[in-house]
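A short write-up of the structure that comes next.
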Amino acid sequence: MKSPSANTKLNQWVQESAAMCQPDDICWCDGSVEEYNRFMAQMVASGMAIPLKKRPNSFLFRSDPSDVARVEDRTYISTPTKLEAGPTNNWIDPGELKATMRGFYKGCMRGRTMYVIPFSMGPIGSPLAKIGIEITDSPYVVCNMHIMTRVGTRVLDALGQDGEFIPCLHSIGAPLEKGRKDTAWPCAPIEQKYISHFPQENLIWSYGSGYGGNALLGKKCLALRIASAVARREGWMAEHMLILRLTNPEGRRFHIAAAFPSACGKTNLAMINPTIAGWKAECIGDDISWMKIGPDGRLYAINPESGFFGVAPGTSYNSNRSAMDSIKANTIFTNCALTDDGDIWWEGFDGKPPAHAIDWKGRDWTPASKSDAAHPNARFTAPAKQCPVISPDWEKLEGVPIDIFIFGGRRASVVPLVHEAYNWDHGVFMGSTAASETTAANIGAVGNLRRDPFAMTPFCGYNMGDYFQHWFAMGDKLGAKAPRIFYVNWFRKSPAGKWLWPGYSENSRVLKWMCDRVGGKVGARETPIGLLPLEGELDLTGLSIPAQDFAELMRVDVPAFKAEVPDMEKHFNRFGDRLPARLSAQLKLLVQRLG
Ligand code: GTP
Ligand code: SPV
Ligand code: MN
């Protein structure tokens, strides 16, 4: 296909990539509904996609059992020196990594079509938006990109003849020999997978996986890893944060951005259905926030995405009504179970489990089966505009002004339901020492406690020590207009292993307390770890939590925090002289307060 673009650099890059990957043909994507339908129809015909009778224009995909999540072990930040990538990233010298990957890319698209996807992260025309071009050999990726980003000809128009774009090269790494029948989910073995970033060149090379953040390169690769590096250079922020608007009964609006690690509750909080009378919530984004200081000196956030790539298991009308309403139609499901009447199902779905289903591996499943019907990292891809609580301002070009930052994670013990930072530096300290139990969103062990600063461990495109410093620099610029910082833990458990907090919609009570703090309506008590709600000021009206459970939920476990100090020191020591002195100072203060 002839290039529809007049951009010389783009055309040259596409030609070079085609010469290396050797596809049978090249298809420039226009982003149209017709194009989406055509690719879906092709995938249905080839057996890769299963149309769902119960959900209009919706399809189920089953991945290869080895290709079910991000692969942090195979993800690289390839800066000229290892020090620039820092201690939290995998690093290979750019020359060496490119040589290795060129070896894999050579001829990798034989027997396949090369799709060129022009996409915008952020609404086209927003001062915060960035253009990317993804080259891929996966039609599944093209359809997902249609939902997750703004794709098509209007992006090429915005790019013009000499506009800047971020090149994102992707291959599933499975050339199709002539006469061979394709598998339902072609991909390369784990040791050939590479998710590589070259931040100095704003370049992404991904090989071998067709799943989620490994393959939809606008998301974690561009909007977080590359964007975080660009943001530091240009003085803005790219964060793993949901964005929501809360309006109190008097009509005052608060905008909240919250960073939790993968599969730790962002989508759920982003679409919260408040249980407190008179408060209204609207969703702006569920995974990524790009933020820049506006003309009034406040921090403005946009959601660079246009869809939700959400965790399916656990999603129900009971836990997240708005997500369920968002996925009624026009949705891609990956690694969910298929019911006999042509619907999807997963663990935690409303109602009784089906008597029979086909599990995510394509095998018969019944409630008596030993394994899960859906993979724990099964996902839905749904357009954001289908969310019943999407904010009318979710695509506002200048974004929304952030009042509150929240950090958090999954901690079965130690960390109370909510605490507030004493000041910006203390808030940055809380973010930098955040810890959480690992989840199925990455290939690897689940349930291991790890430090995950700012929920950015897998997503920071440069030395995390410099990233900490960038947070201080932003705080200094924002001064009194900086958002207030809080830390939450929805996941504390009783010794018997029961959740102490009902979570989900009830988290609105905690958000209300935060807004009331900002509004000066409630006080707080000083504790060694930060400011906690005063007795009776966290609204529990209508909630029946045993007093003993609530006390445990709010308990500041001083000995347990003291016991964590050595691990915090070890964590900080990894950054050597890149660790801002202001963080060491905060750790000292914490130690003093813990006594
Ligand atoms: P990524 O898309 O991987 O970035 O995940 P996420 O942070 O958006 O997490 P998500 O909201 O999809 O939630 C992940 C899992 O945590 C789901 O199984 C939810 O049901 C569960 N979860 C979310 N919020 C709560 C909560 O308040 N309490 C409890 N107990 N579980 C929750
Ligand atoms: C995450 O893991 O944080 C996700 C899913 O949001 S993925 O797009 O696969 O990264
Ligand atoms: Mn995420």
Side-chain angles (χ1 to χ4, degrees), residues 63 67-72 75 141 144-145 148-149 195 206 209-225 239-244 258-273 275 283 285-289 305 307-316 318-320 322-324 334-335 346-349 372 374-382 406 408-412 417-418 436-444 446 452 455-459 488-493 497-511 553:
S63 81
D67 199 26
V68 293
R70 286 184 294 98
V71 282
E72 290 176 19
T75 299
V141 166
N144 275 273
M145 288 293 284
M148 294 306 295
T149 72
I195 319 298
S206 167
S209 167
Y211 205 91
N214 299 333
L216 314 177
L217 303 187
K219 197 175 179 55
K220 304 300 162 143
C221 299
L222 192 161
L224 287 177
R225 299 195 190 96
E239 300 295 333
H240 191 202
M241 288 178 171
L242 68 94
I243 311 165
L244 75 91
F260 309 144
S262 303
C264 290
K266 287 183 300 303
T267 300
N268 278 269
L269 191 65
M271 300 179 191
I272 194 164
N273 174 225
T275 46
C283 172
D286 82 325
D287 199 50
I288 299 177
S289 175
E305 304 188 281
F308 308 122
F309 185 64
V311 176
T315 307
S316 67
N318 193 33
S319 65
N320 189 350
S322 296
M324 293 303 284
T334 309
N335 287 344
W346 48 69
E347 280 66 26
F349 210 85
D372 288 343
H375 186 276
N377 192 41
R379 297 260 170 180
F380 55 78
T381 319
I406 309 177
R410 249 172 219 274
R411 292 293 304 261
L417 180 65
V418 60
S436 189
E437 290 141 23
T438 52
T439 67
N442 172 45
I443 300 236
V446 169
D452 187 353
M456 283 290 279
T457 302
F459 309 121
V488 301
N489 178 23
W490 314 139
F491 298 94
R492 198 159 180 179
K493 287 181 176 172
K498 184 178 103 359
W499 302 121
L500 287 167
W501 178 247
Y504 302 103
S505 300
E506 306 298 358
N507 295 333
S508 56
R509 298 165 187 277
V510 177
L511 301 185
L553 194 60

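This chain uses plain numbering: 1 for the first residue, then up along the sequence. Worth knowing before you read on, the calculation uses all heavy atoms, side chains too, and leaves out hydrogens, waters and symmetry mates. Note that ligands are numbered from 1 as they come in the structure, with each ligand's atoms numbered from 1 the same way.
Counting only protein N, O or S atoms, 3 lie closer than 2.8 Å to the Mn ion (ligand 3).
Checked by atom type, the side-chain pair Asn335/Trp346 shows no donor-acceptor distance below 3.5 Å. Side-chain atoms of Glu239 and Ser289 include no donor-acceptor pair closer than 3.5 Å. Residues Ser209 and Asp67 bring a donor and an acceptor atom of their side chains to less than 3.5 Å of each other. Side-chain contact check for Arg70 and Ser262: at least one donor-acceptor pair (N or O, by modelled atom type) lies under 3.5 Å.
Taking a 4.0 Å cut-off on heavy atoms, Phe459 registers as neighbouring ligand 2. Taking a 4.0 Å cut-off on heavy atoms, Pro261 registers as neighbouring ligand 1. Note on ligand 2: Lys266 sits outside its first shell, no heavy atom being nearer than 4.0 Å. In this structure, Glu347 has no heavy atom closer than 4.0 Å to ligand 1.
Nearest protein heavy-atom neighbour of atom 9 (O) of ligand 1: Gly265 N, 2.9 Å. In this structure, the protein non-hydrogen atom closest to atom 10 (O) of ligand 2 is Arg70 CD, 2.8 Å. Ranking protein heavy atoms by distance to atom 4 (C) of ligand 2, first place goes to Lys220 NZ, 3.4 Å. Of all protein heavy atoms, the one lying nearest to atom 3 (O) of ligand 2 is Ser262 OG, 2.5 Å. The protein heavy atom nearest to atom 15 (C) of ligand 1 is Arg410 NH2, 3.6 Å. Of the protein's heavy atoms, Phe491 CE2, 3.5 Å lies nearest to atom 29 (C) of ligand 1.
Of the heavy atoms in Asn214, none comes closer than 4.0 Å to ligand 2. Contacts between Trp501 and ligand 1, counted as non-hydrogen atom pairs separated by less than 4.0 Å, are absent for every part of the residue. When heavy-atom distances to ligand 1 are checked against a 4.0 Å cut-off, Thr315 has no atom that comes that close, whether in backbone or side chain. Residue contacts with ligand 1 for Glu506 are absent, since no atom lies close enough (heavy atoms, distance under 4.0 Å). Counting heavy atoms closer than 4.0 Å to ligand 2, residue Phe260 contributes nothing at all.
The minimum heavy-atom distance linking Lys220 with Asp287 is given by the pair NZ-OD2, 2.8 Å. Between Thr315 and Phe380, the closest heavy-atom pair is OG1-CE2, 4.0 Å. Of all non-hydrogen atoms in Asp452 and Met456, the two that sit nearest each other are OD1-N, 3.3 Å. Smallest separation of non-hydrogen atoms from Cys264 and Arg410: SG-NE, 3.7 Å. When all heavy atoms of Met145 and Gly218 are compared, the closest pair comes out as CE-N, 4.1 Å. Minimum interatomic distance between Gly213 and Cys221 (heavy atoms only, all atoms of both residues): O-SG, 3.6 Å.
Within the 3.5 Å criterion, the main-chain N or O of Ala412 finds a donor-acceptor partner in the side chain of Glu437. Ser206 contributes no side-chain N or O that, together with a main-chain N or O of Ala215, makes up a donor-acceptor pair within less than 3.5 Å. Using a distance-only test at 3.5 Å, with no hydrogens or angles considered, no donor-acceptor pair links the side chain of Glu305 to the main chain of Lys219. In this structure, Asp286 contributes its side chain and Ala270 its backbone to no donor-acceptor pair below 3.5 Å.
Taking only non-hydrogen atoms, the option from Pro313, Ala263, Cys264, Ala259 nearest to atom 17 (C) of ligand 1 is Pro313. With distances taken over non-hydrogen atoms, the option nearest atom 8 (O) of ligand 2 out of Met148, His240, Lys219, Glu72 is Lys219.
Ligand-side atoms of ligand 1 in range of Thr267: 6 (P), 8 (O), 11 (O), 12 (O), range being under 4.0 angstrom from any heavy atom. Numbered from 1 in the order shown, with element, the atoms of ligand 2 that lie under 4.0 Å from a heavy atom of Gly213 read 7 (S), 8 (O), 9 (O), 10 (O). For ligand 1, the atoms lying closer than 4.0 Å to a non-hydrogen atom of Arg379 are 1 (P), 2 (O), 3 (O). If you number the atoms of ligand 1 from 1 as listed, the ones under 4.0 Å from a heavy atom of Tyr504 come out as 19 (C), 20 (O), 21 (C), 22 (N), 23 (C), 24 (N), 25 (C), 26 (C), 27 (O), 28 (N), 29 (C), 31 (N), 32 (C). Interface of Asp287 with ligand 2, defined as ligand atoms under 4.0 Å from a residue heavy atom, comprises 6 (O). Under a 4.0 Å criterion applied to the non-hydrogen atoms of Asp287, ligand 1 contributes the atoms 4 (O). For ligand 2, the atoms lying closer than 4.0 Å to a non-hydrogen atom of Ala441 are 2 (O). The Trp499 neighbourhood of ligand 1 comprises atoms 30 (N), with distances under 4.0 Å to a heavy atom of that residue. Close contacts of ligand 1 with His240, meaning ligand atoms under 4.0 Å from a residue heavy atom, involve 4 (O).
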For Thr267 and Val311, what are the C-alpha separation, side-chain angles and deciding distance, and is it a side-chain contact (heavy atoms from CB on, under 4.5 Å)?
-> CA-CA 8 Å; Thr267 300; Val311 176; over 6 Å; no
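For the atom pair OH (Tyr504) and CG (Asn318), the distance works out to 9.0 Å, reported to the nearest 0.5 Å. Atoms OG1 and CG, on Thr334 and Asn144 in that order, are 6.0 Å from each other to the nearest 0.5 Å. Between Tyr211 atom OH and Leu216 atom CG the span is 10.0 Å, to the nearest 0.5 Å. Atoms CG and CD, on Asn214 and Glu72 in that order, are 10.0 Å from each other to the nearest 0.5 Å.
Considering backbone and side-chain N/O of Lys266, one or more are found under 3.5 Å from N/O of ligand 1. The shortest N or O to N or O distance between Asn268 and ligand 1 is below 3.5 Å. Polar contact check, Phe260 against ligand 1: no nitrogen or oxygen pair lies under 3.5 Å apart.
Both tests do not hold together for Lys266 against Phe260: distance to the six-membered ring centre under 6.0 Å, angle to the ring axis within 45°.
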